[in-house]
Amino acid sequence: MHPNLAYACLTQFCENGLGDREAVQWIQSDLTETHLSYQCFEIESNRIANLLRGLGIQRGEVVSIFLPRSPILISSFFSVLKLEAISCILFSTLGEEALYDRLENSASKVIITRKSLLHKLLPLKEKLPELKAIVVMDIDDHVDEFVLSMKKLSSTAVETFAFEPLVEEETPAFLQYTSGSTGKPKAALHVHGALPDMLQSFQEVMQLQADDQYWCTADPAWITGLVYGIIAPFASKTRQVQYAGGYNVANWLTILSKHEVNVWYTAPTALRMLMQENEDKFIQYTFPKLRRVYSVGEPLNPEVYAWGKKKFQTEIFDTWFQSETGSILVANKPGLQVKPGSMGVPRKGVEIIICDEQFKPVPTGIQGYLCVRSGWRSMFRAYYHKEQEYNDKFHGDLYFTGDLAKKDDDGYVWYISRADDVINTAGHLLGPFEVESALLEIGEIGDVAVIGVHDPLLHEKVIAFVTLKNGCLWSKGLELKCRLHVQNKVSSTAIPAEFHLVERIPKNQSGKILRRVLKAWYEGKDPGDLSTME
Amino acid sequence: MDIKERLTNVFQQVFDDSTIELTPDLTADDVDGWDSLSHVNLLIAVEMEFGIEFKQSEIQSFANVGELMQSIESKLASR
């Protein structure tokens with residue numbers, strides 16, 4: 001048996017007299033602050049657990065949380081865990097189709113959201129037969145029998161909720177959606193028994209001291225924001241700030257400086273955005289308490305590393321993991337020499353193997369497929385309702401990450417690129433299929449292919465190649481129509497940075513898009529063997 | 001229609017939300033989906049609606065809707 005994640009993160013502290021301890025210093029986008037204790041989250045999550053039980057939510061059923069980062073999102077997450085149901089936190093920037101794919105695949109029974117996001121959900125109602133209710137956090141009254149007010153439901157819900165503190169290690173806890181190079185997004189299923197790995201990695205890599213102030217900038221819909229912004233810091237009683245807003249240079253620097261952040265976990269794209277700011281934006285800020293900066297999501301280029309180290313006067317440690325791995329597996333960490341541009345070394349107990357196409361290890365210094373020996377406890381247990389796709393990720397006991405990398409003589413791992421067509425834009429993995437499907441819905445578009453190419457800010461940017469139907473003309477208006485359609489159907493991260501009008505999309509004889517040819521065209525390189533082209 | 005009404009229509013179209021109401025102090029943090037990537041779409045739509053152009057340096061320079069409206073008014077006046 002194993003502690004329920006909600007028990008380990010909240011309830012145990014309240015039972016042991018630590019309920020008044022601050023769990024999060026919450027900072028709004030106008031920089032107003034609220035101090036939230038463990039007891040606050042315990043009571044709120046109990047209320048929500050009671051109302052979800054009242055709606056009939058059972059063990060193992062999925063509750064989706066479609067909210068921007070907020071205290072109520074955190075309470076909702078814990079409430080679902082207390083019911084031993086499965087939480088699925090969704091990016092609030094997702095568009096209708098991306099939402100539908102996830103809600104349909106997860107067979108979500110209830111969605112917790114807010115009023116301003118309802119317009120994306122209501123059109124999907126008829127297509128989601130499993131969905132019992134949408135619970136809206138900020139309306140006073142129920143709209144109908146389906147769209148319900150959280151305030152009204154919780155006004156009669158009690159502040160206590162009895163649940164078993166121990167669960168089977170393999171009890172499902174949460175889903176984390178990620179994209180593949182083909183097909184629809186897949187949900188990595190994680191279990192309550194993942195906690196020891198999450199905590200061990202947090203301690204081994206972050207090495208926080210007792211009174212350190214910690215800030216993880218990642219959205220909780222991202223594995224980093226959930227594991228290292230909520231689960232690990234809550235369970236380890238780490239002092240932390242959380243900021244409700246998006247990237248804002250003045251607010252971010254104010255938080256780092258005024259709130260005396262000691263350890264900061266962010267993304268290379270965020271550091272690159274800061275690097276592009278005018279020097280005068282930094283003048284009024286100093287960061288004497290900032291002891292370490294960590295990054296995750298995409299490779300940290302050596303020039304950004306050097307800029308950040310100088311600007312913040314501290315070391316920067318890049319780390320690597322995936323939605324599927326559930327915890328950091330490779331990291332630069334204190335006590336080891338940082339090699340700029342490297343992912344670092346495997347965490348204790350983690351075996352990284354660089355393989356060839358036959359899954360045989362390749363010699364040091366040779367590029368190959370980044371694989372991990374199965375057995376770490378935070379490993380995903382399934383792609384939810386996609387058994388074949390899960391099995392395809394393994395060869396014996398080797399997990400195939402989809403990344404290309406190499407190892408050096410000192411055991412450091414160096415990221416090369418994705419081994420497939422997945423686009424890593426600002427740390428978000430994006431399948432070209434999702435963008436192509438959305439663009440093909442536009443009447444004027446005849447055919448489309450999407451690739452990722454290098455970008456100095458986002459690591460990779462999305463490029464769309466389109467053909468038009470007879471009689472249609474490309475225009476600024478049509479480009480805007482395409483951009484808005486992708487934004488509102490998929491997500492803002494999926495918006496192509498560039499559109500290129502072409503006569504035809506290169507495909508092989510079985511109709512598969514030859515993305516390497518498009519990439520070569522774009523980069524002005526030789527496209528190589530074209531014998532299979534249609 | 002005045003500038004505010006036309007701009008409200010643009011916001012509602014770009015963010016696919018007919019409930020958006022503009023106020024001068026409205027910021028990206030107040031509108032779901034308004035991030036640095038969708039902001040580019042917003043400015044393209046504003047350019048097309050008002051027949052104006054923003055310089056590269058202006059794109060990320062507006063702190064709120066009020067500043068964006070002032071910029072539109074200024075560009076329209078100098079045409």
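Predicted model, so just to flag it, every value in this text is computed and none were measured. Chain A is the first sequence line, chain B the second, and so forth, proteins listed ahead of strands; every chain is numbered from 1.
Residues A/Phe91 and A/Trp222 keep their aromatic ring centres 6.0 Å or farther apart. Taking the six-membered ring for Trp and the full ring otherwise, A/Phe499 and A/Trp474 have centroids separated by under 6.0 Å.
Your options are A/Gly477, A/Ser116, A/Ala244, A/Ala497, and the one with the most heavy-atom pairs under 4.5 Å with chain B is A/Ser116. Across B/Ala45, B/Gly33, B/Ser38, the residue that shares the most heavy-atom pairs under 4.5 angstrom with chain A is B/Ser38.
Using a 4.5 Å cut-off between heavy atoms, A/Glu96 contacts chain B through its side chain alone, with no backbone atom that close. Interface residue A/Leu484: backbone and side-chain heavy atoms are both found under 4.5 Å from chain B. Proximity to chain B (any heavy atom under 4.5 Å) is shown, for A/Ser491, by neither the backbone nor the side chain. B/Glu47 touches chain A through its side chain: at least one heavy atom from C-beta onward sits under 4.5 Å away, while N, CA, C and O do not. Heavy-atom distances place the side chain of B/Ser36, and not its backbone, under 4.5 Å from chain A. With a threshold of 4.5 angstrom between heavy atoms, B/Asp35 approaches chain A through side-chain atoms but not through N, CA, C or O.
For the side chain to side chain contact (heavy atoms under 4.5 Å, CB included) test with A/Val466, the passing option among A/Leu478, A/Leu440, A/Ile442, A/Leu501 is A/Leu501; the others fail. The side-chain hydrogen bond (donor to acceptor under 3.5 Å, both in side chains) test with B/Thr27 is passed by exactly one of B/Asp25, B/Asp30, B/Thr23, B/Asp29: B/Asp30.
Surrounding NZ of B/Lys75 are more than 12 heavy atoms belonging to other residues, nucleotides or ligands, all under 6.0 Å away.
For the pair A/Phe66/A/Ile112, no side-chain contact is recorded, criterion being any heavy-atom separation below 4.5 Å from C-beta on.
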